[in-house]
Amino acid sequence: MALISPISSSNGKTFNQKLFSRIRVAIESDVPHIYKLMQQLFVYHDITHLLKSTESSVTSGLFNPKFPHLSPVTTLLIEVSANPFPSCLNDKTSSKEVDLNMPLIDEESEQFRVVKYDQHDVFIAGYVMFYPCFSSFFENPVFHMENFFIRECYRSKGFGKWLFSTMALEAARMGFSSIDWYASDWNESALGFYKHMGATISDDFRVLSLAGKALEAFEDDSN
């Protein structure tokens with residue numbers, strides 16, 4: 001069956017029948033898109049006043065770390081296109097096709113267009129950011145998931161489950177003991193999703209933070 005080409009309009013791209021998608025590891029040129037996704041994540045949680053990162057700090061934190069001895073952060077991106085992605089023998093990405101029951105409209109497509117490919121219509125749909133760390137609760141290292149976000153128009157298409165599963169599979173293959181993360185207690189849909197993926201929720205601990213002037217006070221005491 002021939003694919004219907006996506007329609008271009010002032011409101012973005014409309015995909016009519018099928019989406020081709022893949023998950024790949026982010027590279028430094030992806031930083032502008034990663035930062036936009038990060039901004040949308042904070043808007044979704046209504047905590048934009050807490051976002052202190054910049055494109056520059058994301059670049060240095062992910063790809064040019066000031067403190068190289070700290071654990072590296074991995075970012076996985078979901079890309080979507082109306083056209084199949086080329087396959088490479090050494091390509092470590094995973095890909096799949098998604099049949100659409102109704103047209104999908106990406107009104108923000110131009111903000112998330114990936115321009116480094118020969119194909120004209122490749123867009124970023126979401127991301128997950130995680131890093132390995134030690135936990136005294138487990139014998140083996142764990143992954144800490146820092147950010148997890150799927151853009152609104154691509155939700156309920158299986159992308160979140162696929163992206164989360166890809167991260168979990170990597171943790172299992174490496175022999176890690178756990179994946180840990182924080183979730184807002186008001187976000188019932190997210191909590192339901194995580195429970196469906198097999199996660200358990202602990203009420204035994206509270207998240208504490210030492211930051212700003214409270215942290216800077218320790219530097220003053222050392223002088």
Side-chain angles (χ1 to χ4, degrees), residues 21-45 47-81 85-86 88 90-95 108-119 122-135 140-151 159 163-164 166-171 173-176 178-182 207 209-220 222-223:
S21 57
R22 74 175 184 178
I23 294 175
R24 66 171 175 84
V25 177
I27 58 177
E28 188 169 346
S29 61
D30 293 313
V31 166
H33 290 138
I34 294 173
Y35 187 64
K36 290 174 187 174
L37 290 167
M38 195 177 294
Q39 288 177 311
Q40 290 195 354
L41 174 63
F42 275 67
V43 169
Y44 177 77
H45 286 280
I47 54 172
T48 54
H49 60 288
L50 298 178
L51 180 61
K52 307 302 181 183
S53 295
T54 63
E55 282 194 28
S56 177
S57 67
V58 172
T59 299
S60 61
L62 300 185
F63 302 104
N64 301 299
K66 182 179 179 182
F67 308 104
H69 58 285
L70 296 181
S71 299
V73 179
T74 298
T75 302
L76 299 179
L77 299 174
I78 287 189
E79 293 180 319
V80 298
S81 175
F85 289 95
C88 301
N90 296 323
D91 196 348
K92 296 183 179 180
T93 61
S94 55
S95 59
E108 301 173 317
S109 58
E110 291 308 309
Q111 297 182 46
F112 291 94
R113 179 186 292 276
V114 181
V115 297
K116 61 179 176 295
Y117 296 116
D118 293 334
Q119 300 154 298
V122 178
F123 309 100
I124 302 295
Y127 80 127
V128 63
M129 185 181 296
F130 56 95
Y131 54 87
C133 58
F134 171 80
S135 172
N140 295 320
V142 304
F143 272 158
H144 176 78
M145 183 172 69
E146 179 66 18
N147 290 161
F148 180 71
F149 185 73
I150 303 295
R151 291 172 53 213
F159 290 126
L163 187 59
F164 188 94
T166 300
M167 174 187 58
L169 177 60
E170 185 65 18
R173 284 176 174 172
M174 296 174 67
F176 280 30
S178 172
I179 300 174
D180 298 328
W181 65 96
Y182 306 120
V207 178
S209 178
L210 182 70
K213 292 182 178 180
L215 179 60
E216 293 169 2
F218 284 87
E219 182 179 13
D220 292 339
S222 67
N223 295 328

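Counting from 1, the numbers follow the sequence of the chain as shown. Nothing here was measured: the structure is a model prediction, and the numbers come from that model. Worth knowing before you read on, the calculation uses all heavy atoms, side chains too, and leaves out hydrogens, waters and symmetry mates.
Looking at Ile47 and His49, their side chains come closer than 4.5 Å, going by heavy atoms from C-beta outward. Looking at heavy atoms from C-beta onward, Met174 lies out of side-chain contact with Asn140 at the 4.5 angstrom threshold. In this structure the side chain of Phe85 reaches within 4.5 angstrom of the side chain of Glu79, judged on heavy atoms.
In this structure a side-chain-to-backbone donor-acceptor pair under 3.5 Å is present from Tyr35 to Ser53. No donor-acceptor pair under 3.5 Å is formed between the side chain of Asn147 and the backbone N or O of Met129. Put simply, the side chain of Arg151 never gets that close to the backbone of Leu37: no donor and acceptor are under 3.5 Å apart.
From Met38, atom CE reaches atom CD of Glu55 across 10.0 Å, with rounding to the nearest 0.5 Å. With values rounded to the nearest 0.5 angstrom, Arg173 atom CZ is found 6.5 Å from Glu170 atom CD. Asp30 CG to Arg24 CZ: the interatomic distance, rounded to the nearest 0.5 Å, is 4.0 Å. Considering CG of Leu76 and CZ of Arg22, their distance stands at 12.5 Å, rounded to 0.5 Å. Taking OG1 from Thr59 and CG from Asn64, the interatomic distance works out to 7.0 Å, rounded to the nearest 0.5 Å. To the nearest 0.5 Å, atoms OG1 (Thr74) and CZ (Phe130) are separated by 4.5 Å.
The shortest non-hydrogen separation linking Met167 to Phe143 is O-CE1, 4.1 Å. The minimum heavy-atom distance linking Tyr131 with Pro72 is given by the pair CB-O, 3.5 Å. Taking all atoms of both residues into account, the shortest heavy-atom contact from Ala125 to Val80 is CB-CG1, 4.0 Å. Nearest approach of Gly61 to Pro65, heavy atoms of both residues: O-CB, 4.5 Å. Taking every heavy atom of both residues into account, His33 and Ile124 meet most closely at ND1-CG1, 3.9 Å. In plain terms, the two heavy atoms of Phe149 and Leu41 that are nearest each other are CD1-CD1, 3.7 Å.
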Side chain to side chain contact (heavy atoms under 4.5 Å, CB included) between Leu77 and Val114: does it pass, once the steps are laid out? CA-CA 11 Å; Leu77 299 174; Val114 181; over 6 Å; no
Side chain to side chain contact (heavy atoms under 4.5 Å, CB included) between Phe123 and Glu108: does it pass, once the steps are laid out? CA-CA 10 Å; Phe123 309 100; Glu108 301 173 317; over 6 Å; no
Under the side chain to side chain contact (heavy atoms under 4.5 Å, CB included) rule, what do Val142 and Ile179 come out as? Steps first, then yes or no, please. CA-CA 6 Å; Val142 304; Ile179 300 174; over 6 Å; no
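Note on ring orientation: taking the six-membered ring where Trp is involved, the planes of Trp181 and Phe164 are perpendicular (angle over 60°, cut-offs 30° and 60°).
Residues passing the salt bridge (Lys or Arg N to Asp or Glu O under 4.0 Å) test with Glu146: none are found, sequence neighbours excluded. Under the side-chain hydrogen bond (donor to acceptor under 3.5 Å, both in side chains) criterion, Glu110 pairs with Arg113, not counting sequence neighbours. For Phe63, there are no ring-ring contact (aromatic ring centres under 6.0 Å, His included) partners two or more places apart in sequence or in a different chain.
Aromatic ring centres of His144 and Tyr182: separated by under 6.0 Å.
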